[in-house]
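Before any comments, here is the structure.
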Protein chains: 2
Amino acid sequence: MCIIYTYMWQEQKIKIAVDAIVFGYSNNTLNVLLVKQKFGLLKDTWVLVGGFVQNNEALKDAVARELKEEAGIEVNYLEQLYTFGDDINRDPRDRVISVAYFALVNSTELHLTADTDADDAQWFPIYNIPKLGFDHNKIIEVALERLKNKLSYQPIGFDLLPEEFLFSELENLYCTLLNKEIDRRNFRKKFLSYNVIEETNKMGGKGTGRPAKLFKFNKQKYQLLEKEGFHFDIKFA
Amino acid sequence: MCIIYTYMWQEQKIKIAVDAIVFGYSNNTLNVLLVKQKFGLLKDTWVLVGGFVQNNEALKDAVARELKEEAGIEVNYLEQLYTFGDDINRDPRDRVISVAYFALVNSTELHLTADTDADDAQWFPIYNIPKLGFDHNKIIEVALERLKNKLSYQPIGFDLLPEEFLFSELENLYCTLLNKEIDRRNFRKKFLSYNVIEETNKMGGKGTGRPAKLFKFNKQKYQLLEKEGFHFDIKFA
DNA sequence: CATGTATGTGTAAATAATACACAATTATAG
DNA sequence: CTATAATTGTGTATTATTTACACATACATG
């Protein structure tokens with residue numbers, strides 16, 4: 001039964017890393033943030049933002065640090081996604097277990113600033129991700145699945161949009177990510193019925209056609225309603 | 001930018017463990033499996049089944065191994081829950097990050113067999129969990145939340161029941177765990193409408209009252225329907 | 001054989017989801 | 001300046017789903 005102690009005798013040689021899958025959205029396209037490895041075995045291959053956890057550092061702090069160091073960004077939303085540690089050889093150098101985090105930003109407002117070289121960090125459209133180092137393509141797949149699922153039952157779409165947005169942008173986001181056609185009227189009706197997005201008095205349409213109102217998400221109100229048992233739920237035929 | 005290499009210079013001293021939250025259900029009560037520490041700082045305190053991961057061992061294999069070694073059981077359902085690594089001092093000895101897994105068994109059919117001492121492993125009703133070592137009380141909370149949520153949109157309730165069960169047992173499970181009253185007729189109607197549970201020709205009521213049919217869950221059929229876009233969804237007023 | 005207890009079933013009302021079309025507002029082109 | 005193209009904004013009828021609700025059936029017990 002003294003399993004724990006048995007294993008303490010055998011020195012553990014596993015390293016622990018964090019990786020961040022950062023999603024951005026602009027021009028009706030979902031993007032993923034990647035960085036280029038500059039050294040080592042995988043020099044010049046693209047990978048997710050990530051790195052090893054420091055001895056006295058919380059996991060989530062490690063992610064925030066890497067995001068700042070490697071891409072110079074702060075994110076709107078961050079949650080733990082999954083811990084990848086079943087494939088013993090996912091890192092060719094050592095046994096590394098990676099705790100993957102899932103992050104959302106509005107990439108239209110975002111400046112990527114890699115320390116030494118501006119080309120180091122870049123957005124890639126989700127339908128055009130290159131072959132990445134480690135198991136990072138797999139990790140992105142898992143993250144995308146999570147994003148799609150959450151979109152329907154948590155109001156995280158707003159973290160991919162600017163503070164103030166057009167209804168057509170919101171609609172496009174849902175259509176694009178869920179790959180479904182939506183009735184514009186029913187979509188708007190349902191969203192408005194939840195009373196969590198508010199009309200501003202600004203207008204935002206720039207192109208042709210009738211100018212559109214800008215809306216914004218009232219997060220406070222949402223959190224209040226949630227405590228009272230309200231369930232966000234956007235589904236389509 | 002060479003973050004990864006920077007941290008390799010600083011030797012990482014983090015240990016990685018797995019812990020399993022095993023839920024069982026019997027007598028209309030949800031139970032959690034706990035084991036008693038036999039050595040070390042936390043001797044005689046109750047904790048979750050768990051231990052350190054071996055160098056060449058997949059995370060999920062580590063969990064399965066611990067479950068077998070510490071309690072002698074195999075589980076119906078196992079999924080990764082969350083990785084606890086934000087509290088630097090969650091283990092008083094060293095920095096330990098724990099990947100927690102969430103497991104379901106039908107505890108009525110279950111023999112607990114701890115290697116050396118039968119008292120080592122025991123079921124505790126969820127409403128009567130003692131103060132545990134480490135942050136294990138917290139972990140159980142997270143797991144319970146997950147269980148409650150999943151119950152509504154994945155057919156995992158069956159993994160807590162025997163192969164063949166009464167409708168009243170299924171109903172009780174949902175009532176108890178979700179802490180809601182359910183209309184017996186509507187519950188049955190909805191469940192049957194999904195066509196994933198089948199009537200056997202056996203009867204199973206033992207006590208007083210009209211004898212009841214035994215039903216069983218057809219997992220194959222469920223997985224088939226799922227591929228065709230079917231979504232399991234049990235909600236109540 | 002009467003009583004208690006749990007099982008098994010149908011229907012009407014209310015609510016939510018879907019399908020669907022046209023007027024309003026601006027930019028642009030002729 | 002007028003016509004056209006493009007996009008926003010809105011309501012209602014139909015259908016499907018969810019909810020509420022009550023009584024007959026089968027066995028065990030005394």
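Here the structure is a predicted model, which means the values were calculated and not measured. By convention in this document, chain letters (A, B, ...) are assigned in the order of the sequence lines, proteins followed by strands, and residues within each chain are numbered from 1.
- In terms of the salt bridge (Lys or Arg N to Asp or Glu O under 4.0 Å) criterion, B/D87 has no residue partners (sequence neighbours excluded).
- Every side chain to side chain donor-acceptor pair (under 3.5 Å) that A/K213 has, sequence neighbours left out, goes to A/E199.
- Distance check: A/H136 NE2 to A/T45 OG1 gives 9.5 Å after rounding to the nearest 0.5 Å.
- Every residue two or more places apart in sequence or in another chain that forms a side chain to side chain donor-acceptor pair (under 3.5 Å) with B/Y222 is listed here: B/E226.
- In this structure, NE2 of A/H231 is placed 17 Å from C1' of C/dA16, rounded to the nearest angstrom.
- For A/E198, the side chain to side chain donor-acceptor pair (under 3.5 Å) partners two or more places apart in sequence, or in a different chain, are A/N218.
- By the 30° and 60° cut-offs, the orientation of the rings of B/F124 relative to B/W46 is perpendicular.
- Annotation: proximity of residues 172-181 of chain A to DNA chain C (heavy atom, distance under 4.0 Å) is found for no residue.
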Find every protein N or O atom lying less than 3.5 Å from an N or O atom of nucleotides 1-3 of chain D, and list the pairs.
none

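- Checked against salt bridge (Lys or Arg N to Asp or Glu O under 4.0 Å), A/D61 has no partners two or more places apart in sequence or in another chain.
- As a whole-Å value, the separation of B/D233 CG from D/dA16 P is 19 Å.
- Taking atom CD1 on A/I182 and atom P on C/dA19, their separation rounds to 13 Å, with Å as the unit.
- Residues forming a salt bridge (Lys or Arg N to Asp or Glu O under 4.0 Å) with B/E164 (at least two apart in sequence, or on another chain): B/K202.
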Under 4.0 Å protein heavy-atom contacts per nucleotide of nucleotides 3-10 of chain C, with B for base, S for backbone only and - for none: -BBBBBBB
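- Scored by the side chain to side chain donor-acceptor pair (under 3.5 Å) test, A/N137 finds no partners at all (sequence neighbours excluded).
- In this structure, the CZ atom of B/F187 is 19 Å from the P atom of D/dT17, given to the nearest Å.
- Listed by chain and residue number, nothing satisfies the salt bridge (Lys or Arg N to Asp or Glu O under 4.0 Å) test with B/R188 (two or more places apart in sequence, or in another chain).
- Note on the helix from C/dC1-D/dG30 to C/dG30-D/dC1: angle between the axes of the first and last five pairs equals 10°, rounded to 10 degrees.
- In this structure, the side chain of A/R146 does not engage the main chain of A/F102 through any donor-acceptor pair within 3.5 Å.
- Interatomic distance, A/L177 CG to A/N28 CG, rounded to the nearest 0.5 Å: 10.0 Å.
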Candidate pair A/Y174 and A/F187, rule ring pair (Phe, Tyr, Trp, His ring centres under 6.0 Å), full reasoning: CA-CA 10 Å; A/Y174 274 82; A/F187 180 81; 5.6 Å; yes
